[in-house]
There are 2 protein chains.
Amino acid sequence: MEQPAAANKPLYLRMKEDLLRRVQSGEWRPGELIPSENALAAEYGVSVGTARKAIEELADERLLVRQRGRGTTVAMHTHRQEVLRHYRLMTKDGERVNEETSYLDVASARASSTEAKVFGVNRGTAVTRVRRLRLYAKQPVVLEFLSLREDVLPGVGALIRATQPEVLYALLEREYHIIIAKVSEKIMAVKAEAEDTEALGVRAGEPMLEIERVAYDLNGRAVERRIMRARNDTYYLSEFA
Amino acid sequence: MEQPAAANKPLYLRMKEDLLRRVQSGEWRPGELIPSENALAAEYGVSVGTARKAIEELADERLLVRQRGRGTTVAMHTHRQEVLRHYRLMTKDGERVNEETSYLDVASARASSTEAKVFGVNRGTAVTRVRRLRLYAKQPVVLEFLSLREDVLPGVGALIRATQPEVLYALLEREYHIIIAKVSEKIMAVKAEAEDTEALGVRAGEPMLEIERVAYDLNGRAVERRIMRARNDTYYLSEFA
DNA sequence: ACACGTCAATTCTATATAGAAATAAAGATA
DNA sequence: TATCTTTATTTCTATATAGAATTGACGTGT
């Protein structure tokens, strides 16, 4: 059964979808207060209980943050990342890996066939490619290759060069009002190549973790693709309850 | 009504914790219907709204399953696993790996120091060790080493030998009323050893994924430890939203 | 045997209300 | 100036109620 018009869905769901739309549209930006439940209930012509339920579901999905006595804000990436634990690469002694970041190069290019595929665009579309290192205790631990869609993020290369951000998704949020809502990662075991030897000092042929990540915005649009090659003394942590 | 001075936690939270306790205790078993929200509200002397909120939170945590018109049941592992996607190892073409399981050996042993550490017991405590293979398209893909606490699961070795279960956690639920509520996994890249060559046919020294899993029950007690060594044409999938 | 309608039980949606608890800003006081 | 008090705002807790939607069991009729 396909959903007909927005019709006979429950009120609170239709309201929730509209609130989501308003966040997507940039009407309310990350960090900003949205109207109170009373105000929203009045605006939508529903009871506060119904408005509450719509808001609460978005808060459960960590798109909104409620604070008693203060109000409801749109979640910022810095807040979401803590809960979602986007950074799951750990050192052997259980510390997070992204202590420091060192950018190697930022360049514009034409999308390869794999990039085109994950982004759902034509081959040759403009992308920005970034190479950088993640350091822990002053030692390079992870070598990263980023690809970003220039059609969605115009001028992102210059921005990255200028600001060298520690957390890319916070920059996307701040500068482009794009909220990364979902991330998918494939973890594989691979052999170290010459490039890994040079950047990380691992011996060629040694096993390494390779992680391919695709990041999606609120609309489910793939925005960034990333390949991470991690030194052998790190592990990937995955917990679910 | 006013706050009964007992504990300063909200009513619905205390009720929720008591419901959790009753599931843990085995009073309501996986698959069974628990009393309706009306009945529970009456029993606890609270309004249906409050009872509803307690039940709803446990349903959000996937410990309970609500069905309109039918009632509320304790979630069975088979239901939870779908949602939690416990099986995240995939073949290159995106299929789940655990199509078929072949048991190699089941034996009793004394806990090694690492086993003792993860289980929080003394070294030498009795454990059951299991070796088995996961197959896909008739080919062995993953080699698994399981350790189970015999103090918590008496006679589990014999049970496994007899039933050769496809899904271990369903057996724990059925036979011991132990619900696996949390799982933690460390993923590493390692070199293939002789044992991997023999069992999986991978060349010695080739990179493989090694996953160390610890499974916890509702009380947070570590019940099982598992090491999985996966052939190179598989990957580990991790999604979070 | 089989289809159909009825009915009770259960969760879900929606509304309304009252007071508690936390927060932030404005105001009062030393 | 600095600190305490008050006040308004907002979310959170708790109760109460009415009807809709879904399910499963029961009974009836053909």
Side-chain angles (χ1 to χ4, degrees), chain A residues 1 3-19 22-23 28 31-76 79 83, chain B residues 1-20 22-23 28 31-76 79 83:
Chain A
M1 307 277 183
Q3 296 288 18
N8 38 11
K9 264 192 265 187
L11 253 182
Y12 78 93
L13 271 185
R14 275 180 280 163
M15 177 166 174
K16 175 187 167 188
E17 281 163 17
D18 197 63
L19 295 178
R22 291 170 80 172
V23 173
W28 303 314
E32 273 184 18
L33 280 171
I34 73 170
S36 71
E37 29 180 64
N38 283 312
L40 285 171
E43 184 186 337
Y44 283 84
V46 300
S47 73
V48 285
T50 300
R52 219 182 139 63
K53 188 155 183 180
I55 299 166
E56 247 167 10
E57 289 215 350
L58 291 172
D60 287 345
E61 294 166 18
R62 297 194 187 82
L63 185 63
L64 299 179
V65 177
R66 317 202 73 189
Q67 280 172 275
R68 176 199 284 216
R70 178 148 185 270
T72 301
T73 55
V74 180
M76 290 186 292
H79 187 278
V83 189
Chain B
M1 288 291 186
E2 75 287 341
Q3 199 76 298
N8 41 6
K9 261 191 267 189
L11 254 182
Y12 80 92
L13 270 185
R14 276 180 280 161
M15 178 166 174
K16 175 187 167 189
E17 281 163 16
D18 196 63
L19 294 178
L20 174 60
R22 290 170 80 172
V23 173
W28 304 314
E32 274 184 18
L33 280 170
I34 74 171
S36 72
E37 30 180 63
N38 283 313
L40 285 171
E43 184 187 337
Y44 283 84
V46 300
S47 73
V48 285
T50 301
R52 218 180 140 63
K53 187 154 183 181
I55 298 167
E56 248 167 8
E57 289 216 349
L58 291 172
D60 286 345
E61 294 165 18
R62 297 194 186 82
L63 185 63
L64 299 180
V65 178
R66 315 202 75 188
Q67 280 173 274
R68 179 198 285 220
R70 178 147 186 269
T72 301
T73 55
V74 179
M76 290 186 292
H79 188 277
V83 189

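We name chains A, B, ... by the order of the sequence lines, and we start the count at 1 in each one.
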Side-chain N or O of B/Arg52 less than 4.0 angstrom from OP1 or OP2 on C/dC12? yes

Residues B/Leu64 and B/Val74: closest non-hydrogen pair is CD2-CA, 4.0 Å

So, for B/Met15 and B/Val46, which heavy atoms are closest and what is the spacing to 0.1 Å? SD-CG2, 4.0 Å

Does the pair B/Trp28 and B/Leu19 meet the rule for a side chain to side chain contact (heavy atoms under 4.5 Å, CB included), with working shown? CA-CA 9 Å; B/Trp28 304 314; B/Leu19 294 178; 3.8 Å; yes

Could you state the CD-P distance from B/Gln67 to D/dA21, rounded to the nearest angstrom? 19 Å

Can you give me the closest heavy-atom contact between A/Ala54 and A/Lys16, atom names plus distance? CB-N, 3.8 Å

Give every pair of a protein N or O atom and an N or O atom of nucleotides 14-17 of chain C that lie under 3.5 Å apart, one pair per line with the distance.
| unit_1 | atom_1 | unit_2 | atom_2 | d |
| --- | --- | --- | --- | --- |
| C/dA14 | OP1 | A/Leu11 | N | 2.5 |
| C/dA14 | OP2 | A/Leu11 | N | 3.1 |
| C/dA14 | OP2 | A/Tyr12 | N | 3.1 |
| C/dT15 | OP2 | A/Ser47 | N | 3.0 |
| C/dT15 | OP2 | A/Ser47 | OG | 3.0 |
| C/dT15 | OP2 | A/Thr50 | OG1 | 2.5 |

Taking B/Ile34 as the fixed residue, which of B/Thr73, B/Leu40, B/Val23 is the one that meets the side chain to side chain contact (heavy atoms under 4.5 Å, CB included) rule? B/Leu40

Closest to the B/Arg70 side chain, choosing from C/dA22, D/dT23, C/dC12: D/dT23

What heavy-atom pair brings A/Val48 and A/Glu37 nearest, and what distance separates the two atoms? CG1-O, 4.4 Å

What is the distance, to the nearest angstrom, from the NZ atom on B/Lys53 to the P atom on C/dT11? 18 Å

Taking OP1 and OP2 of D/dT10, is either one under 4.0 Å from a side-chain nitrogen or oxygen of A/Thr72? no

Measure from CD on A/Glu57 to P on D/dT11 and round the result to the nearest Å. 17 Å

d(CD1, B/Ile34; P, C/dT10) in whole Å: 12 Å

Does OP1 or OP2 of D/dT10 have a side-chain N or O of A/Arg66 closer than 4.0 Å? no

Residue pair A/Asp18 / A/Tyr44, side-chain heavy-atom distance below 4.5 Å: yes

What is the distance, to the nearest angstrom, from the NZ atom on B/Lys16 to the C1' atom on D/dT13? 15 Å

Please report, rounded to the nearest Å, how far the C1' atom of D/dA20 is from the CG atom of A/Asn8. 13 Å

Whole-Å gap separating P (D/dA25) and CG (B/Leu33): 10 Å

Closest-nucleotide ordering on DNA chain C, the 5'-leading residue of A/Gly69 and B/Glu37: B/Glu37

Atom CD1 of B/Ile55 and atom P of C/dT10: how far apart are they, to the nearest Å? 12 Å

